[in-house]
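Provided herewith is a single structure, encoded as structure tokens, for subsequent inquiry.
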Amino acid sequence: TVPLCGGIPEAAPYYQIGEMARLAAAQLDGTPKFLHVPYLLAEEARKALSRDARIRESLELWDRLDAVLVGVGRPHGGAHSSGHAAVTPKDPAIDHAAGDVLLRYFDGAGQRVQWKEESSLFAIEPKRLLKVPLRIGAAVSQAKAISILGAARSRMINALATDTSTATHILQLARAG
């Protein structure tokens, strides 16, 4: 298992990407690879770290992925925002975003929504992600239904792990157009 982005400076367990990689590897009887870099970096730092042999080893695995498991973030801005200042970019360009996958934002129709610091993001590029045959999104809650639908329409996910209530709400939204 290998992380698809750098670490996020939040204490909540669901933000601990290295620990998630370790736990997934243990469940799959595999070997975890780690990516000991922050999720946002200045361009010079990102380029330098990408050349480091240990980091490069993990990044090169991104071209050999058969499947990924990614979280689907809820709508950005307004009453829907999570309020996690360290995670959520402060950029009006994404205030109308329906959600995100690896901080790659999109609207409800699945169209990408760019934000000003996106080039600083240390994460798998969307083109690379779309080459992975199985892209499983994991998300639960009716509030995330539009986010999940946008992620599917963007093709960033092509499979879903959720509960029955969320799935029912997604289908209702999709049928409503």
Side-chain angles (χ1 to χ4, degrees), residues 1-74 76 82 84-91 93-94 97-106 110-139 147-148 150-161:
T1 60
V2 62
L4 299 178
C5 68
I8 295 175
E10 287 288 334
Y14 48 87
Y15 286 119
Q16 303 308 311
I17 192 69
E19 180 63 1
M20 284 188 259
R22 187 192 69 75
L23 290 170
Q27 289 292 313
L28 297 168
D29 205 23
T31 303
K33 294 291 182 181
F34 298 102
L35 200 52
H36 297 290
V37 298
Y39 80 113
L40 286 178
L41 289 169
E43 183 177 351
E44 306 80 40
R46 196 178 72 256
K47 286 179 181 178
L49 286 169
S50 294
R51 288 190 300 266
D52 179 273
R54 292 161 297 223
I55 292 172
R56 186 89 234 132
E57 182 182 334
S58 291
L59 298 180
E60 287 172 355
L61 292 174
W62 289 354
D63 291 321
R64 300 187 358 227
L65 298 169
D66 296 315
V68 296
L69 177 63
V70 295
V72 178
R74 66 176 133 197
H76 185 75
S82 68
H84 290 299
V87 178
T88 305
K90 300 275 189 253
D91 187 337
I94 57 175
D100 76 279
V101 169
L102 297 165
L103 290 170
R104 306 292 186 180
Y105 289 88
F106 43 81
Q111 297 299 309
R112 286 287 320 281
V113 178
Q114 304 288 324
W115 50 288
K116 67 181 175 190
E117 290 189 71
E118 188 170 343
S119 63
S120 300
L121 192 58
F122 202 97
I124 191 170
E125 303 86 358
K127 277 182 162 179
R128 265 177 147 171
L129 180 63
L130 292 176
K131 290 180 182 178
V132 179
L134 180 58
R135 301 176 303 279
I136 306 163
S147 308
I148 297 164
R153 288 173 173 161
S154 75
R155 298 183 25 234
M156 294 184 84
I157 65 170
N158 59 9
L160 178 64

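In what follows, residues are counted from 1 in the order of the sequence shown.
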Exercise. Hey, mind stepping through Met156 and Val70 against side-chain contact (heavy atoms from CB on, under 4.5 Å) and telling me if it holds?
Worked result: CA-CA 9 Å; Met156 294 184 84; Val70 295; over 6 Å; no
Problem set entry | Interatomic distance, Thr1 atom OG1 to Phe34 atom CZ [nearest 0.5 angstrom] | 7.0 Å
Exercise. Do Lys47 and Glu44 pass the side-chain contact (heavy atoms from CB on, under 4.5 Å) test, and can you show the C-alpha distance, the side-chain angles, and the key distance before you say yes or no?
Worked result: CA-CA 5 Å; Lys47 286 179 181 178; Glu44 306 80 40; 6.0 Å; no
Exercise. At their closest point, which heavy atom of Ala21 faces which heavy atom of Pro32, and how far apart are they?
Worked result: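 Closest pair (atom of Ala21, atom of Pro32, distance): O-CB, 3.8 Å.
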Exercise. Are the side chain of Gln114 and the backbone N or O of Tyr105 linked by a donor-acceptor pair below 3.5 Å?
Worked result: no
Exercise. Got a donor-acceptor contact below 3.5 angstrom from the Ser120 side chain to the Ala42 backbone?
Worked result: no
Exercise. Any idea which heavy atoms bring Ser58 and Leu35 closest together, and the distance?
Worked result: CB-CD1, 4.2 Å
Problem set entry | Closest non-hydrogen atom pair, Leu102 against Ile124 |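 Result for this residue pair: CD1-CG2, 3.6 Å.
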For this session: Let me know which of Leu4, Asp63, Val68 forms a side chain to side chain contact (heavy atoms under 4.5 Å, CB included) with Val132.
Result: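 Going through the options one by one, the only one that passes is Val68.
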For this session: Using atom types as modelled and distance alone, determine if a side-chain donor or acceptor of Arg112 lies under 3.5 Å from a backbone N or O of Phe106.
Result: no
Problem set entry | Interatomic distance, Ile17 atom CD1 to His36 atom NE2 [nearest 0.5 angstrom] |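 Going from CD1 on Ile17 over to NE2 on His36, the span is 12.0 Å.
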Problem set entry | Nearest-0.5 Å distance that lies between atom CD in Glu10 and atom OH in Tyr39 |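 Taking CD in Glu10 and OH in Tyr39, the distance rounds to 8.0 Å.
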Exercise. To the nearest 0.5 Å, how far apart are CG in Leu49 and CG in Leu59?
Worked result: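 So the gap between those two atoms works out to 9.5 Å.
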Exercise. For Arg155, does the CZ atom sit with more than 12 other heavy atoms under 6.0 Å from it, leaving out its own atoms?
Worked result: no
Exercise. Where is the tightest heavy-atom contact between Ala151 and Val72, given as atom of each residue plus distance?
Worked result: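 Nearest pair, atom of Ala151 first, then Val72: CB-CG1, 4.2 Å.
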For this session: Grab the two heavy atoms, one from Lys33 and one from Pro3, that are nearest each other, plus how far apart they are.
Result: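 Nearest pair, atom of Lys33 first, then Pro3: O-CD, 3.0 Å.
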For this session: Kindly determine whether Leu40 and Leu121 satisfy side-chain contact (heavy atoms from CB on, under 4.5 Å), including the steps that lead there.
Result: CA-CA 5 Å; Leu40 286 178; Leu121 192 58; 4.1 Å; yes
Problem set entry | Side chain to side chain, Asp100 and Trp115, heavy atoms closer than 4.5 Å | no
Exercise. Where is the tightest heavy-atom contact between Tyr14 and Met20, given as atom of each residue plus distance?
Worked result: O-CE, 3.0 Å
For this session: Begin with the C-alpha distance, continue with both residues' side-chain angles, and end with the deciding distance and a verdict on side-chain contact (heavy atoms from CB on, under 4.5 Å) for Arg135 and Leu129.
Result: CA-CA 8 Å; Arg135 301 176 303 279; Leu129 180 63; 4.1 Å; yes
Exercise. Would you call Arg104 and Glu125 a salt bridge, taking side-chain N to carboxylate O under 4.0 Å as the test?
Worked result: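 Glu125 and Arg104: not salt-bridged.
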For this session: Determine whether Leu134 and Asp66 make a side-chain contact, defined as any pair of heavy atoms from C-beta on separated by less than 4.5 Å.
Result: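 The answer is no, as the side chains (C-beta and beyond) never meet within the 4.5 Å cut-off.
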Exercise. Can a salt bridge be assigned to the pair Glu19 and Arg22 using a cut-off of 4.0 Å between side-chain N and carboxylate O?
Worked result: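 The answer is yes: the pair qualifies as a salt bridge.
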Problem set entry | Atom CZ of Arg54 with >12 non-hydrogen neighbours under 6.0 angstrom |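 Counting other residues, nucleotides and ligands, CZ of Arg54 stays at 12 neighbours or fewer.
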